Asks: 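Mind having a look at this structure? Questions to follow.
Nothing here was measured: the structure is a model prediction, and the numbers come from that model.
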Amino acid sequence: MERFEYLILGNSTAGVAAAEAIRSVDREGKLAIVSEEPYHTYSRPLISYLITGERDVERMGYRSGDFYERIGGRVFLGVKVERIDCEGRKVVTSGGEGIGFGKLLIATGGRAIIPPIAGVEREGVFTFTSYDDARRVKDYIERGGCDEGVVVGGGLIGLQAAEALCRAGLKVTVVELLARVLAPVLDEEGSRLVEEVFRRNGVRIVTGVGAKEIRGGAVG
């Protein structure tokens, strides 16, 4: 079993920043990054441009191709950690392999919150936080899966998705449980201005209403 002084779970902004910070104070300690995703570093805010065809995964990176070599670290891409053995100071991957550590940082970020809405398991229902999410949406649209899209949630990610779908030629509706979009980050005037921009571009915004059920389309 290979052992590293520093083991980072996560290959996005937090994990990459942590690796660079470690190297700023320790150039010699063995360091590794483990990521469930099989991709080099990429910017998650750019995934909407995948749907519109303005970016591909090679053009979404925010570190050079030799990043891992430059920081003198190992990278395990496409490797999922199933369990942390704190007593044995190792993580165990889905393949049953162990990776030892002196210090462990969990920087995997958040996962999409899927509310308990009936029908979320149906075909054509997606989350929107990763490259693979955006690729699945793009593939579905290109297969002729839909000409309309509904986005549940009027936060930053929801509006980013709505913009991408609108630019991809879909008729888009945003459903937001709160009284206005971006309520946690903008005041009432700011929310109003954002809503006006979206409405001028053909996006329907429905606020103060929660999604109860998703109907139509095959299950699975």
Asks: Check D56 against M60 and note the closest heavy-atom contact, atom names and distance.
Replies: O-CG, 3.1 Å
Asks: Between E54 and T52, is there a side-chain donor-acceptor contact under 3.5 Å, judged purely by atom types and distance?
Replies: yes
Asks: Set out, in order, the CA-CA distance, both residues' side-chain angles and the distance that settles side-chain contact (heavy atoms from CB on, under 4.5 Å) for K90 and D85, then state yes or no.
Replies: CA-CA 5 Å; K90 66 178 180 180; D85 180 352; 3.4 Å; yes
Asks: Indicate, with yes or no, if F76 and V92 share a hydrophobic cluster defined by side-chain heavy-atom contacts under 4.5 Å among Ile, Leu, Val, Met, Phe, Trp and Tyr.
Replies: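 Different hydrophobic clusters.
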Asks: Would you compute the distance between atom CG of L77 and atom CD of E36 and round it to the nearest 0.5 angstrom?
Replies: 12.0 Å
Asks: Sub-3.5 Å donor-acceptor pair from the side chain of E176 to the main-chain atoms of I205, do we have one?
Replies: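 No, the answer is negative, given that no donor and acceptor are paired below the 3.5 Å cut-off.
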Asks: Taking atom types as modelled, find out whether D66 and S64 have a side-chain donor-acceptor pair closer than 3.5 angstrom.
Replies: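 There is such a pair (donor and acceptor under 3.5 Å, judged by atom type) between the side chains of D66 and S64.
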Asks: Y62 side chain to T13 main-chain N or O, any donor-acceptor pair under 3.5 Å?
Replies: yes
Asks: Using the test ring-ring contact (aromatic ring centres under 6.0 Å, His included), find all partners of F198 that sit at least two apart in sequence or belong to another chain.
Replies: none
Asks: Hey, is CD on E28 packed in by over 12 heavy atoms from elsewhere, all under 6.0 Å?
Replies: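 Not buried by this count: 12 neighbours or fewer within 6.0 Å.
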Asks: If two hydrophobic side chains count as joined below 4.5 Å and joins carry through other members, does V137 share a cluster with V57?
Replies: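 Same cluster.
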Asks: Which distance, rounded to the nearest 0.5 Å, do you find between the CD1 of I99 and the CE of M1?
Replies: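 Answer rounded to 0.5 Å: 9.5 Å.
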Asks: Does R23 reach the main-chain N or O of G29 with its side chain, forming a donor-acceptor pair under 3.5 Å?
Replies: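 Yes; at least one donor-acceptor contact below 3.5 Å.
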Asks: Ignoring hydrogens and angles, tell me if any N or O in the side chain of R55 forms a donor-acceptor pair with the backbone of L50 under 3.5 Å.
Replies: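 No; zero donor-acceptor contacts below 3.5 Å.
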Asks: Is there a donor-acceptor pair under 3.5 Å between the side chain of R180 and the backbone N or O of L186?
Replies: yes
Asks: Does any N or O in the side chain of T173 come within less than 3.5 Å of the main-chain N or O of V150, such that one atom is a donor and the other an acceptor?
Replies: no
Asks: If I compare all heavy atoms of S48 with all of Q160, which pair ends up nearest, and what's the gap?
Replies: OG-NE2, 3.5 Å
Asks: The test is salt bridge (Lys or Arg N to Asp or Glu O under 4.0 Å); show your working for D132 and R135 and say whether it passes.
Replies: CA-CA 5 Å; D132 283 339; R135 180 178 53 79; 3.3 Å; yes
Asks: Distance from L159 atom CG to E195 atom CD, nearest 0.5 Å?
Replies: 8.5 Å
Asks: Around atom CG of L193, are there more than 12 heavy atoms from other residues, nucleotides or ligands closer than 6.0 Å?
Replies: yes
Asks: Are more than 12 heavy atoms, taken from residues, nucleotides or ligands other than R199, located less than 6.0 Å from that residue's CZ atom?
Replies: yes
Asks: Set out, in order, the CA-CA distance, both residues' side-chain angles and the distance that settles salt bridge (Lys or Arg N to Asp or Glu O under 4.0 Å) for E188 and R192, then state yes or no.
Replies: CA-CA 6 Å; E188 291 186 8; R192 184 186 64 79; over 6 Å; no
Asks: Roughly how far, to the nearest 0.5 Å, is CG of N201 from CD of E196?
Replies: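 Reported to 0.5 Å precision, the distance equals 12.0 Å.
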Asks: Taking Y68 as the fixed residue, which of L31, N11, V16 is the one that meets the side-chain contact (heavy atoms from CB on, under 4.5 Å) rule?
Replies: N11
Asks: Which heavy-atom pair separates I51 from A168 by the least distance, and what is that distance?
Replies: CG2-CB, 4.0 Å
Asks: To check you understand the geometry: which heavy-atom pair defines the closest contact between A112 and T129, and what is its length?
Replies: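 Reported closest heavy-atom pair: CB-CG2, 4.0 Å.
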Asks: Should V34 and V91 count as side-chain neighbours, where that means a heavy-atom distance under 4.5 Å?
Replies: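 Contact flag for V34/V91 side chains = no.
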Asks: A quick test of your reading: do over 12 heavy atoms of other residues, nucleotides or ligands sit less than 6.0 Å from CD1 of I114?
Replies: no
Asks: Give me the atom names and distance for the closest heavy-atom approach of C146 to I141.
Replies: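 Smallest interatomic distance, heavy atoms only, reads SG-CG1, 4.3 Å.
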Asks: What distance separates I33 CD1 from I8 CD1, expressed to the nearest 0.5 Å?
Replies: 5.0 Å
Asks: Any donor and acceptor pair, going by atom type alone, linking the side chain of Y131 with main-chain N or O of Y42 inside 3.5 Å?
Replies: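 Between the backbone of Y42 and the side chain of Y131 there is no qualifying donor-acceptor contact (under 3.5 Å).
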Asks: Between D26 (side chain) and I22 (backbone), is there a donor-acceptor pair under 3.5 Å?
Replies: no
Asks: If you compare all heavy atoms of A162 against all heavy atoms of V174, which two are closest, and at what distance to 0.1 Å?
Replies: CB-CG2, 3.7 Å
Asks: In terms of hydrophobic clustering (I, L, V, M, F, W, Y; side-chain heavy atoms under 4.5 Å; direct or indirect links), are L105 and I84 co-clustered?
Replies: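 Different clusters.
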Asks: Can you tell me how far CG of L7 sits from NZ of K103, rounded to the nearest 0.5 angstrom?
Replies: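 The CG atom of L7 is 12.5 Å from NZ of K103, to the nearest 0.5 Å.
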Asks: Can you get from Y6 to L104 by hopping between Ile, Leu, Val, Met, Phe, Trp and Tyr side chains that sit under 4.5 Å apart?
Replies: no
Asks: State yes or no: do V203 and F126 share one hydrophobic cluster built from I, L, V, M, F, W and Y residues joined by side-chain heavy-atom distances below 4.5 Å, directly or via other members?
Replies: yes
